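Below is one structure, written out as structure tokens, with a few remarks after it.
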Amino acid sequence: MKRYWFELTDEHYNDLGAAISDGWQKSPAIAEAKRWMKENGVKAAILVCNSMATDNILDMIHIEEK
């Protein structure tokens, strides 16, 4: 079982519809989110990291593309 599931949101926590893969580490999800943001012209987003075991939010990673 993987450890995290991810959701990419805007600054108002609205889901952006990006399909970020579940995983054991955050760094591949951050890279995937950055690629998605670049392809879709999104300059800033929040990657919400959730626990697979409890569904609790564990981390909120702010990503800005320059």
Side-chain angles (χ1 to χ4, degrees):
M1 178 186 217
K2 299 195 178 182
R3 182 176 290 172
Y4 306 118
W5 64 273
F6 301 96
E7 181 179 14
L8 194 62
T9 69
D10 64 13
E11 64 274 2
H12 301 290
Y13 306 106
N14 297 310
D15 185 6
L16 294 175
I20 307 297
S21 302
D22 300 339
W24 288 97
Q25 298 177 352
K26 296 175 190 174
S27 55
I30 293 169
E32 197 172 330
K34 286 182 177 182
R35 276 192 301 276
W36 187 92
M37 289 169 62
K38 186 174 184 176
E39 291 171 2
N40 291 280
V42 175
K43 299 292 182 196
I46 301 167
L47 184 63
V48 182
C49 177
N50 301 281
S51 168
M52 284 285 228
T54 64
D55 265 353
N56 292 341
I57 294 173
L58 301 175
D59 200 0
M60 299 179 79
I61 304 162
H62 295 266
I63 302 172
E64 290 188 35
E65 288 299 312
K66 298 175 184 179

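This structure is a prediction, so every number in the text was calculated from the model and none was measured. Reckoned from all heavy atoms, side chains included, excluding hydrogens, waters and symmetry mates.
- Here CH2 of Trp5 is found 10.0 Å from SG of Cys49. Values are rounded to the nearest 0.5 Å.
- Of the possible polar contacts, one joining the Asn40 side chain to the Trp36 backbone as a donor-acceptor pair under 3.5 Å is found.
- Here the NZ-CD distance, from Lys34 to Glu39, works out to 14.5 Å after rounding to the nearest 0.5 Å.
- Pairing each heavy atom of Ala45 with each of Val42, the nearest pair is CB-CG1, 4.3 Å.
- Atom CG of Leu58 and atom CG of Asn50 lie 7.0 Å apart (nearest 0.5 Å).
- Formation of a donor-acceptor pair under 3.5 Å by the Glu65 side chain with backbone atoms of Met37 is not found in this model.
- A continuous path of ILVMFWY side-chain contacts below 4.5 Å connects Leu16 to Ile30, so both sit in one hydrophobic cluster.
- Using a 4.5 Å cut-off between side-chain heavy atoms of Ile, Leu, Val, Met, Phe, Trp and Tyr, with links allowed through other members, Leu8 and Phe6 fall into the same hydrophobic cluster.
- Nearest heavy-atom pair across Trp24 and Tyr4 is O-CE1, 3.3 Å.
- Surrounding NZ of Lys26 are more than 12 heavy atoms belonging to other residues, nucleotides or ligands, all under 6.0 Å away.
- One distance of note links CG of Leu47 with CD of Glu7; it measures 9.5 Å at 0.5 Å rounding.
- The neighbour count for Glu64 CD, taken as heavy atoms of other residues, nucleotides or ligands under 6.0 Å away, does not exceed 12.
- With hydrophobic clusters built from ILVMFWY side chains whose heavy atoms lie under 4.5 angstrom apart, Tyr13 shares a cluster with Ile57.
- Taking CD1 from Ile20 and CD from Glu32, the interatomic distance works out to 4.5 Å, rounded to the nearest 0.5 Å.
- Side chain of Asp15 to main chain of Gly17: a donor-acceptor pair is present (N/O by atom type, distance under 3.5 Å, no hydrogens or angles).
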